[in-house]
Amino acid sequence: MPDALRPLPPLLLLGAIWGGTPVFVKHLGATGWPPMLIAAAAGAVSAAILLGICWLRGIALPLSRAHLLHYAVSGLTGLALANLVGFTSLQHIPAGFFALLVPLSPMLTVLGAAAMGMERMTGRRLLGTTLGLAGVLLAMSPGAALPDPALLPWALLAALTPVCYAASNLLAVRLAPKGAPPLALATGTLAAGAAQAAIFAALMGHLVLPPVVGLPVSLAQGAATALAFLVYFRSLAAHGGVVTSQTGYIVTLTGIAWGWALFGERPGWLTIPAASLVFAGLALVTLPGRKITRSGA
């Protein structure tokens, strides 16, 4: 395979898995699984799978104070809180609309990194973020990906999901202990996030015995999440963060496709210009220009 095409297979696989997450959630919700029980179960299954892989590879899970802080903060923002707002809103909004929100995460990550002095903000990145936000706002309008204006409050709640992911990205970098194996960090984060999601589920009355009919789907979701983490960290190591972030395009396309194929969702005609704005914004934020500085701008 030509070198230029080597990143494509992992990006396609990641996009298919992450774009299918709303499908798992909506299916389990329809069978009577509460949102935070879905999150806790998926986190627990994926953490158990990655723990097994760590054991097979002889990778110990570091438990120092710095590592535990990293697991707790990353798990809270990237899994427990993100799934709290995302999985709750997905019971009401189309899966395709939720997929349009995913590319906001890298855009908000760049803005947050600039605000924290970790990256340099450029006019191109500011324009890209503005276009991405405009695309999401257009997707919320009548005739777009949100079929009913009455769903706007749930759409706004769903929009907090990429905010949580962006916060997780920034805090994970800031708090990551030096020299820690990425697989160990991913495993600890999933384990901590699953525990925190279970606490939220208990507080909300969601920690109940679910219908058995949804158990195979929940196990499949956990396995898919574990696979996504493995592919994600491998892609980061092989191709870097900028290339890996381009999976946001694929997530949006596959999310809309899954929603159409499995739930019969028919996005309005404004979905195409809305997605185009989101894609243009993501490109301006993540693709390097002719001259690349150390910050990637």
Side-chain angles (χ1 to χ4, degrees), residues 14-31 33-36 38-39 42-43 77-109 132-169 197 217-218 220-221 224-225 228 245 247-268 270-279 281-282:
L14 273 177
I17 294 174
W18 283 339
T21 296
V23 174
F24 288 115
V25 177
K26 290 182 76 68
H27 177 83
L28 288 171
T31 62
W33 284 55
M36 289 312 295
I38 299 173
T77 54
L79 194 150
L81 287 178
N83 289 350
L84 174 63
V85 295
F87 288 10
T88 301
S89 59
L90 270 169
Q91 309 302 314
H92 307 275
I93 63 175
F97 172 79
F98 188 84
L100 285 172
L101 301 177
V102 174
L104 286 182
S105 176
M107 300 180 198
L108 295 175
T109 298
L133 292 174
V136 171
L137 290 176
L138 182 60
M140 294 183 182
S141 63
L146 201 64
D148 187 351
L151 299 178
L152 185 58
W154 295 111
L156 294 175
L157 179 64
L160 294 177
T161 307
V163 176
C164 293
Y165 287 145
S168 178
N169 292 338
V217 176
S218 179
Q221 181 187 8
T225 301
S245 69
T247 193
Y249 297 102
I250 304 169
V251 170
T252 298
L253 294 175
T254 55
I256 293 175
W258 284 123
W260 173 78
L262 298 179
F263 299 111
E265 296 175 358
R266 298 291 187 271
L270 286 177
T271 301
I272 295 178
S276 300
L277 286 172
V278 171
F279 285 173
L282 181 60

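Since this is a predicted model, take the numbers as computed values, not measurements.
Looking only at distances, a side-chain donor or acceptor of T254 sits under 3.5 Å from a matching main-chain atom of G15. T31 contributes a side-chain N or O that, together with a main-chain N or O of L28, makes up a donor-acceptor pair within less than 3.5 Å. Checking side-chain atoms of T161 against main-chain N and O of A158 turns up a donor-acceptor pair under 3.5 Å. Between the side chain of T225 and the backbone N or O of Q221, at least one donor-acceptor pair lies under 3.5 Å.
The two residues I38 and Q91 make their nearest non-hydrogen contact at CD1-NE2, 4.4 Å. Taking each heavy atom of A99 and G255 in turn, the nearest pair found is CB-CA, 3.7 Å. A274 approaches G135 most closely through the heavy-atom pair CB-O, 3.4 Å. The shortest non-hydrogen separation linking F98 to G86 is CE1-CA, 3.9 Å. Here the closest heavy-atom approach between residue L84 and residue T88 is recorded as O-OG1, 2.5 Å. Of all the heavy atoms in P22 and A95, the pair that sits closest is CB-CB, 3.7 Å.
How far CG of L151 is from CG of L157: 12.0 Å, rounded to the nearest 0.5 Å. To the nearest 0.5 Å, the span separating CZ on F87 from OG1 on T21 amounts to 6.5 Å. How far CG of L90 is from CH2 of W154: 11.0 Å, rounded to the nearest 0.5 Å. Between the CG atom in L108 and the CG atom in L133 there is a gap of 6.5 Å [rounded to 0.5 Å]. For the atom pair Y165 OH and L81 CG, the distance stands at 11.0 Å (nearest 0.5 Å).
For CD1 of I272, the number of neighbouring non-hydrogen atoms (other residues, nucleotides, ligands) closer than 6.0 Å is 12 at most.
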